[in-house]
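When a ligand or atom number is given, it counts from 1 through the structure's own listing order. As the structure is a prediction and not an experimental result, all values here were calculated from the model.
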Amino acid sequence: PFVVTENCIKCKHTDCVEVCPVDCFHEGPNFLVIDPDECIDCTLCEPECPVNAIFPEDDVPAGQEAFVALNAELAKAWPVLTVRKDPPADAGEWDGKPDKLPLLER
Ligand code: SF4
Ligand code: F3S
């Protein structure tokens, strides 16, 4: 499956959700995750993310391996999102900021 990684935190552009043919994106307060049990590896979402936060499970950036389990866990807790919504007003300021994981809201 594909995995949403750290750079989505506080960016949350949501362009990814509308292309997913199996509606497997789930929304939390400041981050989205992909349900690995539903993702069919179609690859459509990966180029849609303006901050390049989506990767195949086998290719997540070094140091971000924890996001594989985090997507699986949070997908079970959060509701599905299928329609794009406006990103946070300050999304641009958070693109590329390191160490955003402690800022993840559940
Ligand atoms: Fe959805 Fe395809 Fe992205 Fe998987 S790879 S989350 S099926 S758009
Ligand atoms: Fe996050 Fe990128 Fe989707 S910022 S909400 S993975 S478009």
Same cluster (ILVMFWY, side-chain, under 4.5 Å), L103 and V33: yes
Path from F55 to V19 over hydrophobic side-chain contacts below 4.5 Å: no
Which residues share a salt bridge (charged side-chain N to carboxylate O under 4.0 Å, His left out) with E57, sequence neighbours left out: none
N, O or S atoms of the protein lying under 2.8 Å from atom 2 (Fe) of ligand 1: C42 SG
Atoms of ligand 1 close to I34 [distance to a heavy atom under 4.0 angstrom, numbered from 1]: 6 (S)
Spacing of D15 atom CG and L32 atom CG [to the nearest 0.5 Å]: 10.5 Å
Test item: I40 and V22 side chains (from C-beta on) under 4.5 Å apart, heavy atoms: yes
Partners meeting salt bridge (charged side-chain N to carboxylate O under 4.0 Å, His left out) with D37 (sequence neighbours left out): K76
Distance filter under 2.8 Å, centred on atom 2 (Fe) of ligand 2 - protein N, O or S atoms that pass it: C49 SG
Trace of the side-chain hydrogen bond (donor to acceptor under 3.5 Å, both in side chains) decision for N7 with D95: CA-CA 6 Å; N7 208 26; D95 178 14; 2.8 Å; yes
Where I54 and C16 come nearest, the two heavy atoms and their spacing: CD1-CB, 3.7 Å
E6 side chain near F67 side chain, heavy-atom distance below 4.5 Å: yes
Student check: side-chain heavy atoms of D59 and V3 closer than 4.5 Å: no
